[in-house]
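What follows is a set of notes on a single structure, which appears directly below.
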Amino acid sequence: MNDTGDSTPKQNTFLEMSGIEKSFPGVKALENVSFAVARGEVHGLVGENGAGKSTLMKILSGAYLADEGRLVVDGEWIETPTPAGMIDRGVAVIYQEFAQAPHLSVAENIFMNRMPRKSLGRIDWAEAGRQAVAAMRRLGFEIDPWQRIDALGVAQRQMVEIARAISRNARLIVLDEPSAVLGDVELESLFKTIRSLQAQGVAFIYISHRLKEIFDLCQSVTVLRDGKHVSTRAIGEWSTGSLIQSMVGRTLEDYFPVRNANPGETILTVSNISRGNVLKDISLSVRKGEIVGICGLAGAGRSELLRAIFGADPIDSGSIEVKGCGPRVRSPRHAISLGMGFAPEDRKTDGLFLMQSVKFNVTISRLNNFITGGIMNLGAEHAKVASLAKSFRVKTPTIDTAIGNLSGGNQQKCVIAKQLNAKCDILLIDEPTRGVDVGARREIYELLVKLVEEEGLALIMVSSELPEVIGMCDRILVMREGTIAAELPRGASEEEIMTNATFH
């Protein structure tokens with residue numbers, strides 16, 4: 001399949017990449033890829049991890065040089081692109097990991113290496129502040145230009161990155177997974193900024209695994225698979241099903257595994273817990289072999305509830321009984337000893353040691369499984385992790401590979417494997433597929449269902465993606481302003497969930 005759809009460059013085309021080829025030792029990363037973006041367009045770029053999106057954008061930014069093909073920006077053929085040259089031509093790439101100096105101010109980050117100067121080369125600090133304020137106001141964003149970057153939230157830091165691009169007269173901005181760490185309100189603010197700049201003629205390439213964002217924001221979408229261009233079509237010509245099929249190369253009519261729910265005895269009971277203004281008189285229970293979903297708007301208290309149950313945050317009142325033991329879970333160590341596991345929302349910061357190996361990350365929470373007489377049995381550790389990696393279908397060169405080198409989906413599988421190695425009976429998992437591509441999501445869903453149905457695991461799952469909650473969970477708890485506003489059965493509609501999440 002190589003459906004070009006509406007991909008033929010039009011008169012108002014700002015970017016055209018045609019016949020792009022790129023190889024690395026032993027790997028054909030891109031093969032004859034063509035791609036075009038019009039002025040003032042938001043163009044979605046999607047595909048599984050390893051599809052070639054990052055390589056294509058690095059060629060666009062000048063970080064990589066293509067082996068074959070043409071790169072044309074605003075009608076000019078760029079024979080030998082460089083990062084500085086592409087920035088000068090109005091192309092800005094904003095990566096998921098921001099390239100910022102956290103100890104410097106907003107203004108210094110916006111004008112890094114190009115601060116306004118007075119006579120004799122002295123920095124014009126007043127002018128830097130004025131220009132920084134002007135750039136931020138163009139985005140509809142007010143902030144002290146002398147605020148240090150490390151004092152800002154993720155959404156504010158993202159706006160600073162966009163402001164830096166705008167201050168350099170960017171006419172095409174690439175956003176790589178911009179929503180990965182944003183809440184609903186922050187995401188809407190980002191969309192508002194994108195639409196405002198789009199109205200001013202700025203084009204965007206929007207890369208995301210979240211297909212709802214693609215449909216909400218983009219005018220056209222290009223799909224890459226295995227380093228090849230699969231299809232480019234106007235957004236109205238895509239459905240969720242056809243987009244997924246193009247990305248993974250197979251039909252996913254039954255995207256979520258079929259559930260044969262047969263819950264057993266109640267294993268966790270939470271009764272009337274409260275914590276400040278964050279959690280208010282919350283009660284819930286979960287049984288063996290059951291998946292309970294928790295959803296709601298950002299700030300409703302979803303993640304805070306999981307942290308309180310796991311003992312990571314103290315509660316003011318109420319009780320948490322695990323297998324009949326209570327009344328409180330005193331700490332994460334205590335929770336683990338009771339058979340509870342926690343896969344946090346931000347796996348890279350809170351769930352993994354990125355510089356350490358797959359083996360280290362899987363066994364670190366329960367090393368005493370491999371210690372006899374004070375001596376570590378390295379062979380038993382290796383065998384256990386190798387077995388888990390095989391059964392969880394973790395794609396890694398070896399289990400000694402640094403886990404930071406794995407894809408998001410494989411990292412998440414390792415986070416789950418760590419909990420199973422710790423012999424947990426109850427798994428609390430926050431945003432199980434955040435930053436994970438479509439194909440790997442299906443594998444994670446299958447893995448979780450297998451653990452619940454065959455191992456009797458009790459699973460509480462927080463997700464901001466409603467189709468995920470609806471497709472996976474036996475019961476759905478909707479949170480609003482720190483309370484549980486409703487309990488809905490499996491198969492509840494998105495409208496029912498959102499009505500309970502937003503209205504009193």
Side-chain angles (χ1 to χ4, degrees), residues 22-31 45-58 96-97 176-177 180 207-211 223-228 230 244-250 252 255-257 341 343-344 346-348 351-365 381-421 427 429 431-451 454-455 468:
K22 182 65 180 178
S23 294
F24 299 101
V27 178
K28 185 82 169 181
L30 294 172
E31 183 178 344
L45 181 62
V46 300
E48 294 187 85
N49 289 332
K53 305 185 300 293
S54 295
T55 302
L56 186 64
M57 292 303 98
K58 286 180 179 178
Q96 195 172 345
E97 303 295 335
D176 185 7
E177 292 290 346
I207 302 172
S208 179
H209 292 310
R210 296 183 175 185
L211 300 189
V223 178
L224 298 183
R225 185 174 71 239
D226 298 329
K228 300 175 183 178
V230 176
I244 290 173
Q245 182 177 352
S246 291
M247 291 167 65
V248 302
R250 63 184 185 275
L252 289 179
Y255 187 46
F256 297 99
D346 188 350
R347 62 176 172 269
K348 290 187 177 182
L352 297 169
F353 297 92
L354 295 178
M355 301 299 291
Q356 298 291 339
S357 68
V358 170
K359 180 169 64 180
F360 178 95
N361 276 277
V362 170
T363 61
I364 187 61
S365 63
E381 180 193 28
H382 190 280
K384 178 64 175 179
V385 177
S387 174
L388 285 170
K390 182 179 179 181
S391 62
F392 285 19
R393 290 182 284 181
V394 176
K395 296 174 184 175
T396 178
T398 74
I399 60 173
D400 293 312
T401 298
I403 203 165
N405 294 333
L406 272 57
S407 70
N410 286 298
Q411 288 178 358
Q412 187 72 329
K413 291 177 189 177
C414 290
V415 170
I416 299 169
K418 177 171 65 174
Q419 311 308 325
L420 270 294
N421 176 65
L427 177 59
I429 187 164
E431 301 291 358
T433 60
R434 172 161 287 179
V436 175
D437 68 60
V438 171
R441 286 183 180 212
R442 170 73 188 201
E443 291 186 341
I444 290 172
Y445 296 148
E446 290 175 342
L447 171 61
L448 291 174
V449 167
K450 179 181 178 181
L451 293 173
E454 297 182 12
E455 306 294 332
E468 185 168 83

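For clarity, every value in this text was computed on a predicted model and none was experimentally measured.
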* **Crowding at CG, Asp226 (>12 non-hydrogen neighbours, <6.0 Å)** => no

* Does any N or O in the side chain of Gln419 come within less than 3.5 Å of the main-chain N or O of Leu427, such that one atom is a donor and the other an acceptor? -> no

* Does the side chain of Ile207 come within less than 4.5 Å of Met57's, by heavy atoms? -> yes

* Considering non-hydrogen atoms only, spot the tightest contact between Cys414 and Leu406 and give its length. => SG-CD2, 4.3 Å

* **Verdict with supporting geometry, Thr55 and Phe24, side chain to side chain contact (heavy atoms under 4.5 Å, CB included)** => CA-CA 11 Å; Thr55 302; Phe24 299 101; 4.1 Å; yes

* Asked: Is a donor on one side and an acceptor on the other found under 3.5 Å between the side chain of Lys22 and the backbone of Glu31?
  -> no

* Asked: To the nearest 0.5 Å, how far apart are CG in Leu388 and CD1 in Ile416?
  -> 11.5 Å

* **Nearest-0.5 Å distance, OG of residue Ser246 to CG of residue Leu224** => 11.5 Å

* Asked: Quick one: does Ser387's side chain have a donor or acceptor within less than 3.5 Å of a partner on Ala383's backbone?
  -> no

* To do: Determine whether Glu431 and Arg347 make a side-chain contact, defined as any pair of heavy atoms from C-beta on separated by less than 4.5 Å.
  => no

* For residues Glu468 and Thr433, is any side-chain donor paired with an opposing acceptor at under 3.5 Å? -> yes

* Asked: Do Glu446 and Arg393 sit within salt-bridge range, that is, some charged N less than 4.0 Å from a carboxylate O?
  -> yes

* Asked: When rounded to the nearest 0.5 angstrom, what is the spacing between CG in Leu448 and CD1 in Ile429?
  -> 5.0 Å

* Structure fact -> Closest non-hydrogen atoms of Leu354 and Gln411, given as atom of the first, atom of the second and distance, are CD2-NE2, 4.2 Å

* Mind checking ring pair (Phe, Tyr, Trp, His ring centres under 6.0 Å) for Phe392 and listing every partner two or more places apart, or none if nothing turns up? => none

* Asked: Atom CD1 of Ile244 and atom CZ of Arg441: how far apart are they, to the nearest 0.5 Å?
  -> 9.0 Å

* Asked: Near Lys28 NZ, under 6.0 Å, is it more than 12 heavy atoms from other residues, nucleotides or ligands?
  -> yes

* Is the shortest heavy-atom distance from the side chain of Leu211 to the side chain of Met247 under 4.5 Å? -> yes

* Structure fact -> Heavy atoms of Lys53 and Leu45 approach each other most closely as CD-O, 3.8 Å

* With rounding to the nearest 0.5 Å, note down the distance linking CZ in Arg225 to CD in Gln245. => 9.0 Å

* To do: Please answer whether the main-chain N or O of Thr363 pairs with a side-chain N or O of Glu381 as donor and acceptor at a distance below 3.5 Å.
  => no

* Asked: So do Gln356 and Ile403 actually touch side chain to side chain, heavy atoms under 4.5 Å?
  -> no

* Asked: Any sub-3.5 Å donor-acceptor pair from Ser357's side-chain atoms to Phe360's backbone N or O?
  -> yes

* Asked: Say you draw a straight line from NE2 of His382 to CG of Asp400; how long is it, rounded to the nearest 0.5 Å?
  -> 5.5 Å

* Residues that Ser407 engages under side chain to side chain donor-acceptor pair (under 3.5 Å), provided they are two or more places apart -> Asn410

* Are any side-chain N or O atoms of Lys418 and backbone N or O atoms of Gly351, one a donor and one an acceptor, separated by less than 3.5 Å? -> yes

